[in-house]
Protein chains: 2
Amino acid sequence: MSYVLSGKRTISEETRRRVRASIRELGYRPHAGARALASSRSNVLALMIPLRSGIAVPVVMQFAMSVVTAARRHDHDVLLLTQEEGEDGLRRVADSALVDALIVMDVQMEDPRLPLLRSLDRPSVLIGFPADAEDLTCIDLDFHAAGAVCVEHLAGLGHREVALIGSPPEVYARRTGFAQRVADGFGAAVREHGLTGGVHPCEATPEAARALVARLLAERPGLTGILVHNEPVVDTVVRALRANGRAVPHDVSVVAICPDEMAEHAEPPLSCVAIPAQEVGGRAVELLMGKLGGESVPAATLLPPTLTPRASSAPAPR
Amino acid sequence: MSYVLSGKRTISEETRRRVRASIRELGYRPHAGARALASSRSNVLALMIPLRSGIAVPVVMQFAMSVVTAARRHDHDVLLLTQEEGEDGLRRVADSALVDALIVMDVQMEDPRLPLLRSLDRPSVLIGFPADAEDLTCIDLDFHAAGAVCVEHLAGLGHREVALIGSPPEVYARRTGFAQRVADGFGAAVREHGLTGGVHPCEATPEAARALVARLLAERPGLTGILVHNEPVVDTVVRALRANGRAVPHDVSVVAICPDEMAEHAEPPLSCVAIPAQEVGGRAVELLMGKLGGESVPAATLLPPTLTPRASSAPAPR
DNA sequence: GTGAAAGCGCTAACAT
DNA sequence: ATGTTAGCGCTTTCAC
């Protein structure tokens, strides 16, 4: 009998002690495969992460690391899959019982992996929200609210004409949930507050950002507030504004949706809604553990955005 | 008998066909745990990656992705471990037979994991070189040569006074192999070519980089060539030079050791030695597969650096 | 409270 | 070329 027995049986103190001692002396380690075979639990989670253009690498890395760390707290390991592997990859690791459960990131509005995840006999959690989340467990920052709260911040400072410099066009083309939702939230708040403002996808290159800023300033002289949702170009946007004779925040206020440290170290420090990668990753694992334990967990978890005001936003010039 | 048999036995075409058909119809998937138990091969590799300060995140991500991709080509999966788990983590996954082999990154000159890796009964490959690589298989860009080749490039352009803006101080304090070696290669080449030049660690923040550039220019008026080995601040260094009245490359030439796309998109595009993350990751897996197959593989693989000249370096002003 | 034994689903060795 | 069987090292059930 598996002695240590994870306490599934009553054991006398004496025996427990003796067994423990032997385990230490012999350097005994249970064989993961045997354990998985006998218990039909591998104690491994699959994590599928994107490796494509338009996705901010440091954020993905933070997610991955927080998932691994959280999984370890629950005595689980993490198997890394690339988006490239797609549905077949998920099916493979699930059906072979290599993993007990799955976490997928970078969810698109209509994601081809959804039917598979629904049909799989193993629990899964999505980081991100598809258009139809029926029967799925999802968690993410509330990007709609994030877009809106940024607009409200600018509106509260008296700005009347704003713009969203968004993710690269291909991200919208793929209908990636979070980019879409920021744009929606931005648009809704713009309307609600009676502002004017549009959404401008932007390639993640300095050249593209500079060109876009120049065009925006030329076409919309009244523009005084910009929301940037495109990590790689936030710095460039600010510098391009300056290069075009606009001081930040004196002439134009800038708000970003990006990791906090990035915003802190910018010049000037940026008002931003941070992406709580740490918390999302950790909570995703908690949800999965709940499902593995047979609990019923909330189908949707939307983390409320927090806007941290910094030096990049100020009252609108008059 | 395990029918498909991975061709370990001669099978008639007829039987093979029938078996294949059934597999498809029944949606059969071999149970990974059972397979691991019976064959003592899990077909999983462990990859331990750093999550600490001073390590360039995008590069780490590239490594990880190329390892996963390469592993899949060999029908293996990848288990992700954080540096935090340390020796115990490696021992755990190795001794429990969760993984067949291990890859560790971010190797320090005196790395506490080395004795463990040597004693483990499973093969491993290090991405990076410790001080003593005896009995270990290592692969990495030849950072010593990379440092030297940058100096040679500058020397060839007539520069006489150069500087290395290096990784953050804590990276040297940890005696992380690659940072150390760049500094060594830099120093050796400086001496060999009769130049003057020193090594200057730099925190990975814009402020630190700006301060350092200002100080260097003030203290060393003859400085005309800079090698940057600190991804996060390359852009800042160039801008700080301009802010101090030095045109790049007219007054000061800049060379970097960083990923190619970063160098390409910089303003101006930077002459650089690229970090071949893709190739290193792929080759690391090949080495591991060789060892798993009982082949003897080279103990040390040093990939020669390639310097790509771009607009940031030019003949020294006279 | 503890011992004994029946699998879990494969692979590999031994059959024919 | 193919059928048969003994484990691989655990977990869990059943007996005491």
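By convention in this document, chain letters (A, B, ...) are assigned in the order of the sequence lines, proteins followed by strands, and residues within each chain are numbered from 1.
Rounded to whole Å, the distance from CZ on Arg16(B) to P on dA1(D) is 10 Å. With rounding to whole Å, Leu98(A) atom CG is found 16 Å from dC8(C) atom C1'. Put simply, CZ on Arg29(A) is 22 Å from P on dC8(D), counting in whole angstrom units. Taking atom CZ of residue Arg41(A) and atom P of nucleotide dT12(D), one finds them 10 Å apart after rounding to whole Å. dT11(D) atom C1' lies 13 Å from atom NE2 of His31(B), rounded to whole Å. The distance between atom CD1 of Ile23(A) and atom P of dC10(D), rounded to the nearest whole Å, is 10 Å. The distance from atom CZ of Arg18(A) to atom P of dG1(C) is 15 Å, rounded to the nearest whole Å. Between Ile11(A) atom CD1 and dT12(D) atom C1' the separation is 13 Å, expressed in whole Å.
No donor-acceptor pair under 3.5 Å is formed between the side chain of Thr176(B) and the backbone N or O of Tyr172(B). In this structure, the side chain of Asp100(B) engages the main chain of Asn43(B) through a donor-acceptor pair within 3.5 Å.
Partners of Phe143(B) according to the ring-ring contact (aromatic ring centres under 6.0 Å, His included) rule, which considers only residues two or more places apart in sequence or in another chain, are Phe178(B), His229(B). Residues satisfying the side-chain contact (heavy atoms from CB on, under 4.5 Å) criterion with Glu13(B), sequence neighbours excluded, are Arg16(B). With sequence neighbours excluded, the residues that form a side-chain contact (heavy atoms from CB on, under 4.5 Å) with Gln83(A) are Met48(A), Pro50(A), Arg52(A), Asp106(A), Arg113(A).
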Show me the donor-acceptor pairs, under 3.5 Å and distance only, between side chains in residues 288-304 of chain B and residues at least two apart or in other chains.
from: Lys291(B); atom 1: NZ; to: Ser124(B); atom 2: O; distance (Å): 3.1
from: Lys291(B); atom 1: NZ; to: Thr137(B); atom 2: OG1; distance (Å): 2.6

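Checking the phosphate oxygens (OP1, OP2) of dG9(D), no side-chain nitrogen or oxygen of Arg35(A) falls inside 4.0 Å. Between dT2(C) and Ser12(A), a contact under 4.0 Å exists linking OP1 or OP2 to a side-chain N or O. OP1 and OP2 of dC8(D) both lie 4.0 Å or more from every side-chain N or O belonging to Ser40(B). Contact between the side-chain N/O atoms of Ser39(B) and the OP1/OP2 oxygens of dC10(C) is not found at any separation under 4.0 Å.
Sequence neighbours left out, not one pair with a member in residues 56-90 of chain A passes ring pair (Phe, Tyr, Trp, His ring centres under 6.0 Å).
Where Leu37(B) and Ala38(A) each meet DNA chain D at their nearest nucleotide, the meeting point lying more 5' is that of Leu37(B).
The rotation axes computed at either terminus of the helix from dG1(C)-dC16(D) to dT16(C)-dA1(D) lie 40° apart, taking five pairs at each end and rounding to 10 degrees.
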